[in-house]
Amino acid sequence: MFYLNKINKKTLIALITGFAIAVSTNNLVYAQSPGFKNISSQALDKTAQFTIAQVYQQLNFDNNYYQNLSEADNFYRQGNLNQAKEIQQRVKPAFNSTETFPSAFDDAGKLDARGQQSWQNINTAIKNDPELPEQVTAQIFEPLQSLIKDNPGFIPGHILLADTHDLYGEEEPALEVIEKASEMYPAREDVLDTKIDLLLLYDQPLEASIAAREFAFNNPNHPNSKAYQEAANQYFAQYKKKLNSKVTTSGILGTIGQVATGNEFGALEIGQVLLAGEKAAGQSFAQNIKAQSQMVNNNEQLKYINDVGQKLAKLMGRDEFDYEFNIIEDPTPNAFALPGGKIFFHTGMLELMDSEAELAGVLAHEIAHSVLSHSYKQIGESALTGTAANLISSVLGNEAGAVSNVGGLLLSQKFSRDKEKQSDILGLRVLDAAGYSADGLYNVMAKLKKVSGGGATLLSSHPASEERMRYLEELIQTNGYNRYGYEGVDAYRQVFPR
Ligand SMILES: [Zn+2]
């Protein structure tokens, strides 16, 4: 996509927007949900010319569906939860899989005979410390991998595998293994501790901070919840120190700022802003984006989103942010989070949604990105590594100064899969805790999948999406979240009439 050398500003913005579409459809995804009919994949190629409302009409969505949910809401408001649930159970498509994550266990004695034998052999091999890499692979890695594949609930297996990768200097596999374990078992303190240890060891204090914060917010009643929050702050301070020395020793950040804002003072400001922390960075980038975009000033709509958003944000645990919810006039179905709790919705996303539970689902997910410092990390690290500079200069050639929407550009780089899952974990927990139907986000994704035409071009390079949809199902089922809570169909439709 970024191969043009001479390009005017208008085209560039279109390119950036186009990229954002790809990102949003990639992030918000999949699974065949029987409640929706397929639209032809031809529609995909035309997506650019379609408003979402037009595409939405092609969904042939069952009109009675939301009418039924609205009826369920009436019972819900009267306190007749059973009746509300009964209606929802009747009309809501069942999940594709009924799987939950297997229960965690520590006792090797609970493995079957073969597993026990293998566990014993692995531990003996580790003690013997084989010299040749082939031996390490055959005696340790391979049997450990198949052991946890057969017994995903066996936590010591995951931890040993991660630690052993580390022992043999394999940084990336070590992190991958422990990340996977923490996605399945976010409440396991030993998994968390291993993850934090490794991240600190590999000089990733911001990631360690995110991990500690995620655990604290997901397990507010855990006796060490407070301690992990404090640890998160400490690791964050460590990261800032690292950032500080990078900013002062490299010119990279300045260059980006210059390209991005068209003047050197802007460059300086971005460096300072990043150092000033999440709140200040969010404030600054939000101003930048607002100045670049056509903002919607409908007070009723803004108040509604704000009311729901503030309620959810209160359950997330970062009171130091000034949460702010904005709407951009843009037909592409997108929503994104800046650091410090600055959340933006495109009108195209709002048009796609039909209930407060769906709105809350997306809100909770985006707020979680902010709360878990994902957006801050994204902007800070793309700036520091020069990713943004490369991106911008490859598009612009020598026409520096044409891009002013630096926040938008940096955010158009998608979050990694593990960040998406972290936001799903925290977002779903809060969605459920607030009393909304816990499948709000899931349903929006199912719709987005239809809007994007079921996969083809935009999604083909991101095959992980179906997996993510299944992951959401498993999270809801494993945690016993309620799919049949408050939907708020009429409330939403009143503010966002179709
Ligand atoms: Zn996300």
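Counting starts at 1 for both ligands and their atoms, in listed order.
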Looking at His365, the N/O/S atom that lies nearest to the Zn ion (ligand 1) is called NE2
Under a 3.5 Å cutoff, is there a donor and acceptor pairing between the side chains of Tyr228 and Glu189?
yes
Answer yes or no as to whether an N/O/S atom of His374 is found below 2.8 Å from the Zn ion (ligand 1).
-> no
I'd like to know whether NZ of Lys311 has more than 12 heavy-atom contacts from other residues, nucleotides or ligands below 6.0 angstrom.
yes
Is the Zn ion (ligand 1) under 2.8 Å from any N, O or S atom of Glu420? yes
With sequence neighbours left out, the residues meeting ring pair (Phe, Tyr, Trp, His ring centres under 6.0 Å) with Phe344 are Phe336
Across all chains, not counting sequence neighbours, the side-chain hydrogen bond (donor to acceptor under 3.5 Å, both in side chains) partners of Glu214 are none
